[in-house]
Novice: 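One structure coming up, written as structure tokens, with questions to follow.
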Amino acid sequence: MRINCPHCGQRSNDEFSYLGDASIVRPDPAAPNANEAFYAFGYERANIAGPMQELWYHAAGCHAWLVVTRDTRNHEILDVKSAQEVALERQKAAGTAQ
Amino acid sequence: MPRLDRYSIFSVFLEGLRGQTGWGPAWRQATPKPNYDVVIVGGGGHGLATAYYLAKRYGVRNIAVVEKGWIGSGNVGRNTTIVRSNYLLPGNIPFYETSMKLWEGLEQDLNYNAMVSQRGVLNLYHSDAQRDAYARRGNAMRLHGIDAELLDRDAVRSMYPWLNYDNARFPIQGGLLQRRGGTVRHDAVAWGYARGADRLGVDIIENTEVTGFRISNGKISGIETTCGFIGANKVGLAVAGNSSRVAGMAGLSLPIESHVLQAFVSEGIKPFIDGVVTFGAGHFYVSQSDKGGLVFGGDIDGYNSYAQRGNLPVVEDVLEGGMALMPRIGRVRLLRSWGGIMDMSMDGSPIIDRTPVDGLFFNGGWCYGGFKATPASGLCFAHLIARNESHEVARAYRLDRFRTGHMIDEKGMGNQPNLH
């Protein structure tokens with residue numbers, strides 16, 4: 001499995017370390033349902049069989065956090081973006097929604 | 001000629017005389033009935049053991065096991081066959097020791113040769129701190145009546161003189177030995193439980209995949225499968241590796257991630273290692289099969305996966321661990337490697353519990369320790385399904401323990417499944 005790092009190019013997956021599902025967002029601690037939301041944040045996982053957005057850290061490279069879209073059924077990597085870019089996009093989308 | 005129902009020295013002798021013509025299949029090819037009292041989803045070791053103990057110990061008669069592949073095609077045939085009960089935490093110790101005791105009587109109980117071999121499991125330590133941790137673990141085991149011996153370097157050397165004791169970074173200082181641990185022929189466990197369950201009237205339905213659950217007013221009434229609807233008063237899920245997918249069809253969200261674990265076997269060599277040895281400084285465990293192959297493994301690959309294969313960096317890492325521990329395997333050729341999908345739970349411990357759906361029971365989250373647990377998992381899950389209450393040695397394996405803060409985190413890694 002090789003990950004196409006936007007800064008470093010194609011690199012073997014042993015240069016990266018894995019955190020998990022990138023779609024999980026830290027809930028608002030002031031929200032009325034914060035207790036339940038933090039349980040789901042901490043422990044429940046969608047555990048997708050198919051294309052999944054994941055956080056990988058390029059530990060032996062540029063030290064960037066990446067959002068990798070990867071098919072968990074066959075390890076095919078469909079897309080790689082910097083996590084910063086994804087976070088900014090999400091922020092923008094949330095801003096327009098409000 | 002009558003079919004031979006029990007295996008014994010006499011039946012083997014008799015069959016030798018009549019040209020091996022009297023053996024019947026070990027279990028029937030069952031066609032599903034419209035309704036069952038209990039349907040177990042998943043015909044792996046745990047599902048078959050559950051059906052067996054339900055019929056044998058809890059007197060349930062109308063049972064089916066539904067398996068998407070064939071018996072032995074999943075993780076029960078993909079592990080490294082090690083059994084042990086060297087756990088530390090209160091929730092785990094009595095459960096795994098119950099399993100160990102069931103292993104010890106399994107072959108007589110099933111009338112099946114599962115090649116249970118109590119050849120000893122030796123966990124090596126490589127630092128003072130690790131020695132202290134192992135001493136603590138061994139003491140916890142002994143307080144629960146489980147055998148454990150802390151060996152020093154010389155005692156380990158007398159068992160395995162050819163290990164690399166003077167590795168510059170990780171010299172072997174000693175080991176924690178559980179003599180009652182060992183290996184069991186994994187396929188034979190599946191076959192033995194399947195045969196035992198079949199003899200007690202359990203229908204084993206292979207090549208039938210569950211596609212949905214029929215739930216009305218919060219109660220289960222059956223399962224949808226690729227062979228049609230099967231009615232059931234109670235349904236038990238024993239589908240570790242695919243737990244999230246299957247439970248998801250019943251609307252459940254689980255504290256589990258699926259990860260791939262690779263295992264390896266070398267070409268057959270002469271008798272070389274007569275027990276199970278684990279490397280404490282990396283992650284490498286090895287035993288030798290009766291065919292002569294070295295059977296070994298290490299860490300999970302570390303990323304979510306439903307593909308039953310892994311990647312080369314972990315192969316390299318496992319083999320480096322092997323070479324650091326026993327340099328003389330360097331010229332042995334690797335014969336095969338394969339992968340299995342593990343239910344990695346959020347605290348590294350399993351779940352055997354009811355679910356919010358009435359009549360639907362869950363067994364999973366075995367991480368990569370499922371094989372050794374097979375008999376006790378079956379017994380406790382059968383108890384739960386039959387009595388609707390947890391077996392006394394599985395009370396800690398609750399589904400809601402993450403919500404209430406009662407995690408059983410043997411490695412102390414927190415909610416990061418790929419680190420357990």
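Order of the sequence lines fixes the chain letters, A, B, ..., with proteins taken first and strands second; residue numbering starts at 1 for each chain.
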Novice: Please confirm whether the backbone N or O of Ser244(B) pairs with a side-chain atom of Asn47(A), one donor and one acceptor, at under 3.5 Å?
Specialist: no
Novice: Looking at every non-hydrogen atom in both residues, tell me the closest pair between Met346(B) and Gly42(A) and how far apart they are.
Specialist: SD-O, 3.9 Å
Novice: May I ask you to list the residues in residues 409-420 of chain B that approach chain A closer than 4.5 angstrom, counting heavy atoms only, ordered by number?
Specialist: Asn415(B), Gln416(B), Asn418(B)
Novice: With a sphere of 6.0 Å drawn around CG of Asn35(A), does it hold more than 12 non-hydrogen atoms of other residues, nucleotides or ligands?
Specialist: no
Novice: Run the numbers on His75(A) and Tyr303(B) for side chain to side chain contact (heavy atoms under 4.5 Å, CB included), then give the verdict.
Specialist: CA-CA 10 Å; His75(A) 302 163; Tyr303(B) 45 81; 3.7 Å; yes
Novice: Examine whether an atom of Arg245(B) lies under 4.5 Å from a heavy atom of chain A, and if so say whether it belongs to the side chain, the backbone or both; otherwise answer neither.
Specialist: side chain
Novice: Is a side-chain N or O of Arg45(A) found less than 3.5 angstrom from the main chain of Ser258(B), in a donor-acceptor match?
Specialist: no
Novice: More than 12 heavy atoms of other residues, nucleotides or ligands under 6.0 Å from CZ of Arg90(A): is that the case?
Specialist: yes
Novice: Please say whether more than 12 non-hydrogen atoms of neighbouring residues, nucleotides or ligands are located less than 6.0 Å from CD in Glu85(A).
Specialist: yes
Novice: Can you confirm whether Thr72(A) sits close enough to His259(B) that some side-chain heavy atom of one is under 4.5 Å from a side-chain heavy atom of the other?
Specialist: no
Novice: Would you please test Asn304(B) and Glu54(A) for side chain to side chain contact (heavy atoms under 4.5 Å, CB included) and show each step?
Specialist: CA-CA 9 Å; Asn304(B) 282 38; Glu54(A) 311 173 317; 4.1 Å; yes
Novice: I need the Glu44(A) CD to Arg403(B) CZ distance, nearest 0.5 Å.
Specialist: 6.5 Å
Novice: Got a second to check how far Arg309(B)'s CZ is from Asn74(A)'s CG, nearest 0.5 Å?
Specialist: 6.5 Å
Novice: Where does Ile256(B) contact chain A at under 4.5 Å (heavy atoms): side chain, backbone, both or neither?
Specialist: both
Novice: In residues 7-22 of chain A, which residues are in contact with chain B at a heavy-atom separation under 4.5 Å?
Specialist: Ser12(A), Asn13(A), Asp14(A), Tyr18(A), Leu19(A)
Novice: With a 4.5 angstrom heavy-atom cut-off, is it the side chain or the backbone of Met407(B) that approaches chain A, or both, or neither?
Specialist: side chain
Novice: Counting only non-hydrogen atoms closer than 4.5 Å, does Tyr39(A) touch chain B with its backbone (N, CA, C, O), its side chain (CB onward), both, or neither?
Specialist: side chain
